S.K.: 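Supplied in structure tokens, the structure appears directly below.
Reckoned from all heavy atoms, side chains included, excluding hydrogens, waters and symmetry mates. Remember, predicted model here, so these are calculated numbers, not experimental data.
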Amino acid sequence: MVLVWRQRGATCVWDREFWSLREIKAVGRTDSMAQEKKKGGVLPPDGGWGWMIVAGCFVVTVCTRAVTRCISIFFVEFQMHFARDYSGTAWIHSLVDCTTMLCAPLGSLIGNRLSCRVAVILGGFLASIGLVLSSFATSLEYLYLTLGVLTGLGFALCYTPAIAMVGIYFCERKALAYGIAMSGSGIGTFILAPVVQLLIEHYSWRGALLILGGFVSNLCVCGALLRPIILKEEEACPLPVDSECEYGVKPPGVPTGKAVDDKLEVDSKQRCLQSMQEYHFLLMPDFLVLAGSFLLLASGCSLPFVYLVPYALDVGIGHQHAAFLMSILGVIDIVGNITFGWLTDRRCLKKYRNICYMFAVGMEGLCCLFIPLLHTFVLLVPFSVLYGYFDGAYVALIPVVTSDVVGTTYLSSALGVVYFLHAVPYLVSPPIGGWLVDTTGTYTATFFLSGFALISSSLLLFSVAVIRRCQRNQKNSLSKDPKLVSCEGKQVDYYTSKKKDLLIIIPATS
């Protein structure tokens, strides 16, 4: 059997019986080029079709996160139509958020095994069907299943793969690309909040859900834009791999059938090992600390989106003005996404991304503590501005901070775990907030819970950063000890060469 392929204009032929001298030379040239590529590394394109990926992710965030936020506008309608209390009605919003985050690893798995394109198209179909079926709801439990579980599952299959694709296409301008892509949440909230209120007034909540179902079907179109990236290494000839160098040529010989079988067995073992290592980052201490911070963050960030409109109605603000508060929050969210993304891409701030993230989360929590003091539309507007800005800031930095900790290789799997950690807090925090409203008769305890959770998330990361800084300073001070410095010249160093030879450097004796 003869295999023929082309590499940069040269034809390479692999005959099972022999390797000709001309073929070996061609392979040798390809081998040297592959080694040069491997040494230099392959960076994402940082542009080109990557901007189409950003556009697709932008629409995905509009159809997922913005629509989820606008479900709070249906809160009063559901409560009045089904005659249920705050806690029972809040389960709808919490189930959407919980299912979206709980099934995020499933979206990562489908994206890794099949493709991000397949995951987003499938998710868009499920989410659209869930919203359409919700328009025929006859009970709150029916909405739990269709709007909470089915639509949330569709959002989960779309959200994580789309975000991961942006990280694959961008490196130097990653924060800016994420800022533009994640701004879809704010722009969508700004546009959809008053539109949904108008749809409810003209077509009732059933007609509004039906129209939203058709709008969300655009996720299938976004999935078609997510073209898988082809790395440069994959364009090289499929050469045999040497054990001592990453791309090499075996000595000329006759490859037997047993050798081919052994190679296939080794490849299958390597693929299994690679699958097991997809979640190796779970053992990293930095990621574990970040995961704990995300748990506290998720416990508080969803409450203002659920209860801002009901709180505004409770203090006497009209329906249109209450929905307009969500629009203000959404449009300022855009400014936070893009400005923080652009600023943290600057060379002077790139190494301080974690500090910027802590600052944004802490300021958002501080804003929540002042909501109970605001009783008019004029006073609630500044809250929407500040909360929306810092919300957009930290949302854009979540994938960036995660990528800085685990690297681009594990980004898709790590984002699946990160959003999975949001599931349980998203599930229980809105009903807990509703229970606090039912028990106390006010929204004060609910917003205090949100504020303290967000501030605790920021303080956790800040405390760990301070402890590590103190340990680093202590280590540097010990390294400057004269006794330790005098021993440095007597230290024996061991180096392993590329050829696996062990060189021992022994200090010269006097």
Side-chain angles (χ1 to χ4, degrees), residues 61 64-65 68-69 71-72 75 86-108 144 147-149 151-153 155-156 159-160 163 182 185 282 287-308 310 357-358 360-369 371 387 390-395 397-399 401-402 414-439 443 445-462 464:
T61 55
T64 56
R65 303 312 301 156
T68 301
R69 290 179 179 181
I71 290 177
S72 62
F75 190 96
Y86 280 91
S87 180
T89 310
W91 277 103
I92 299 174
H93 190 283
S94 62
L95 278 173
V96 175
D97 269 335
C98 175
T99 308
T100 301
M101 301 308 173
L102 188 67
C103 299
L106 179 61
S108 298
Y144 292 163
L147 187 58
V149 177
T151 303
L153 176 61
F155 288 166
Y159 193 56
T160 307
I163 293 176
M182 305 299 283
S185 176
L282 292 174
F287 182 79
L288 294 178
V289 173
L290 193 64
S293 174
F294 286 147
L295 285 173
L296 293 171
L297 170 69
S299 300
C301 67
S302 64
L303 291 175
F305 290 103
V306 177
Y307 292 105
L308 178 60
Y357 171 79
M358 297 177 210
V361 174
M363 290 301 297
E364 190 178 34
L366 193 62
C367 291
C368 291
L369 299 181
I371 296 182
Y387 189 87
F390 291 115
D391 181 76
Y394 89 79
V395 166
L397 289 180
I398 283 179
V401 171
T402 305
L415 286 177
V417 174
V418 165
Y419 294 125
F420 173 81
L421 294 173
H422 287 63
V424 175
Y426 276 2
L427 177 66
V428 300
S429 58
I432 290 176
W435 175 78
L436 290 174
V437 174
D438 292 333
T439 303
Y443 292 83
T446 299
F447 289 120
F448 276 4
L449 174 64
S450 175
F452 286 127
L454 291 169
I455 293 174
S456 300
S457 173
S458 180
L459 289 178
L460 175 62
L461 292 178
F462 180 75
V464 173

S.K.: Applying side chain to side chain donor-acceptor pair (under 3.5 Å), can you list everything that pairs with Thr68, at least two apart in sequence or on another chain?
M.R.: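 With sequence neighbours excluded, Thr68 shows a side chain to side chain donor-acceptor pair (under 3.5 Å) to no residue whatsoever.
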
S.K.: Which atom names give the shortest non-hydrogen contact between Gly433 and Thr446, and what distance separates them?
M.R.: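 That closest heavy-atom pairing would be O-OG1, 2.9 Å.
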
S.K.: Taking it one step at a time, do Tyr357 and Ile398 satisfy side chain to side chain contact (heavy atoms under 4.5 Å, CB included)?
M.R.: CA-CA 8 Å; Tyr357 171 79; Ile398 283 179; 3.9 Å; yes

S.K.: Could you pull out the closest heavy-atom pair between Pro425 and Pro430, with the gap in Å?
M.R.: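 Taking every non-hydrogen atom into account, O-CD, 4.1 Å.
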
S.K.: Would Tyr394 and Cys301 count as a side chain to side chain contact (heavy atoms under 4.5 Å, CB included) if you check the C-alpha gap in whole Å, the side-chain angles of each, and the deciding distance to 0.1 Å?
M.R.: CA-CA 11 Å; Tyr394 89 79; Cys301 67; 3.3 Å; yes

S.K.: Can you list everything that forms a side chain to side chain contact (heavy atoms under 4.5 Å, CB included) with Ser458? Sequence neighbours excluded, please.
M.R.: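 With neighbours one apart ignored, the set is Met358, Val361.
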
S.K.: So Met101 and Phe420, do their side chains get closer than 4.5 Å, heavy atoms only?
M.R.: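 When only atoms from C-beta onward are counted, Met101 and Phe420 do not touch, as no gap falls below 4.5 Å.
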
S.K.: So how far is it from Leu461 CG to Phe294 CZ, rounded to the nearest 0.5 Å?
M.R.: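 Separation between the atoms: 8.0 Å.
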
S.K.: Mind checking what makes side chain to side chain donor-acceptor pair (under 3.5 Å) contact with Tyr144, not counting sequence neighbours?
M.R.: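 Applying side chain to side chain donor-acceptor pair (under 3.5 Å) to Tyr144 gives none.
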
S.K.: Kindly write out the residues that satisfy side chain to side chain donor-acceptor pair (under 3.5 Å) with Ser293, not counting sequence neighbours, or none if the list is empty.
M.R.: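 Residues passing side chain to side chain donor-acceptor pair (under 3.5 Å) with Ser293: Ser457.
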
S.K.: What pairs with Leu449 under side chain to side chain contact (heavy atoms under 4.5 Å, CB included), at least two apart in sequence or on another chain?
M.R.: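 Checked Leu449 against side chain to side chain contact (heavy atoms under 4.5 Å, CB included); matches are Leu303, Ile432, Leu436.
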
S.K.: Where the side chain of Thr99 meets the backbone of Gly148, is there a donor-acceptor pair that is under 3.5 Å apart?
M.R.: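 A pair under 3.5 Å: yes.
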
S.K.: I need the Ile92 CD1 to Thr151 OG1 distance, nearest 0.5 Å.
M.R.: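 Going from the CD1 atom of Ile92 to the OG1 atom of Thr151 covers 11.0 Å.
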
S.K.: Going by the rule side chain to side chain donor-acceptor pair (under 3.5 Å), which residues pair with Thr61 if we only count those two or more places apart in sequence or in a different chain?
M.R.: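 Per chain and number, Thr61 pairs via side chain to side chain donor-acceptor pair (under 3.5 Å) with no residue.
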
S.K.: Are any non-hydrogen side-chain atoms of Ile71 and Val96 less than 4.5 angstrom apart?
M.R.: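 A side-chain contact under 4.5 Å exists here.
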
S.K.: Using every non-hydrogen atom in the two residues, find where Thr160 and Ser108 come nearest and quote the distance to one decimal.
M.R.: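 Looking at all heavy atoms of both residues, the closest pair is CG2-OG, 3.1 Å.
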
S.K.: Could you go through Leu454 and Leu297, starting from their C-alpha distance and side-chain angles, then the distance that decides it, and tell me whether this counts as side chain to side chain contact (heavy atoms under 4.5 Å, CB included)?
M.R.: CA-CA 5 Å; Leu454 291 169; Leu297 170 69; 3.4 Å; yes

S.K.: Carefully, step by step, assess Tyr443 and Ile371 under the rule side chain to side chain contact (heavy atoms under 4.5 Å, CB included).
M.R.: CA-CA 9 Å; Tyr443 292 83; Ile371 296 182; over 6 Å; no

S.K.: Look up atom CG in Leu153 and atom CZ in Phe155, then write down how far apart they are to the nearest 0.5 Å.
M.R.: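 The distance works out to 11.0 Å.
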
S.K.: Looking at Phe287, I want to see if its CZ is surrounded by more than 12 non-hydrogen atoms of other residues, nucleotides or ligands under 6.0 Å.
M.R.: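 More than 12 within 6.0 Å, yes.
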
S.K.: Restricting to side chain to side chain contact (heavy atoms under 4.5 Å, CB included), what partner residues turn up for Leu459, sequence neighbours left out?
M.R.: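 Counting only residues at least two positions away or on another chain, Leu459 forms a side chain to side chain contact (heavy atoms under 4.5 Å, CB included) with Ile455.
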
S.K.: Which heavy-atom pair separates Ala298 from Ser429 by the least distance, and what is that distance?
M.R.: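 Heavy atoms only, the tightest pair is O-OG, 4.2 Å.
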
S.K.: Please enumerate all residues that pass ring pair (Phe, Tyr, Trp, His ring centres under 6.0 Å) together with Tyr387, with sequence neighbours excluded.
M.R.: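 Listed in chain order: Phe305, Phe383.
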
S.K.: Can you name the side chain to side chain contact (heavy atoms under 4.5 Å, CB included) partners of Pro399, sequence neighbours left out?
M.R.: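 Once residues adjacent in sequence are excluded, the partners of Pro399 under the side chain to side chain contact (heavy atoms under 4.5 Å, CB included) criterion are Ile163, Tyr178, Leu415, Tyr419.
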
S.K.: For residues 96-106, which residue pairs pass the salt bridge (Lys or Arg N to Asp or Glu O under 4.0 Å) check, not counting sequence neighbours?
M.R.: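 Every pair satisfying salt bridge (Lys or Arg N to Asp or Glu O under 4.0 Å) with a residue in residues 96-106: Arg65-Asp97.
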
S.K.: Using the ring pair (Phe, Tyr, Trp, His ring centres under 6.0 Å) criterion, which residues pair with Phe447? Sequence neighbours excluded.
M.R.: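 For Phe447 the ring pair (Phe, Tyr, Trp, His ring centres under 6.0 Å) partners, ignoring immediate neighbours, are Tyr311.
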
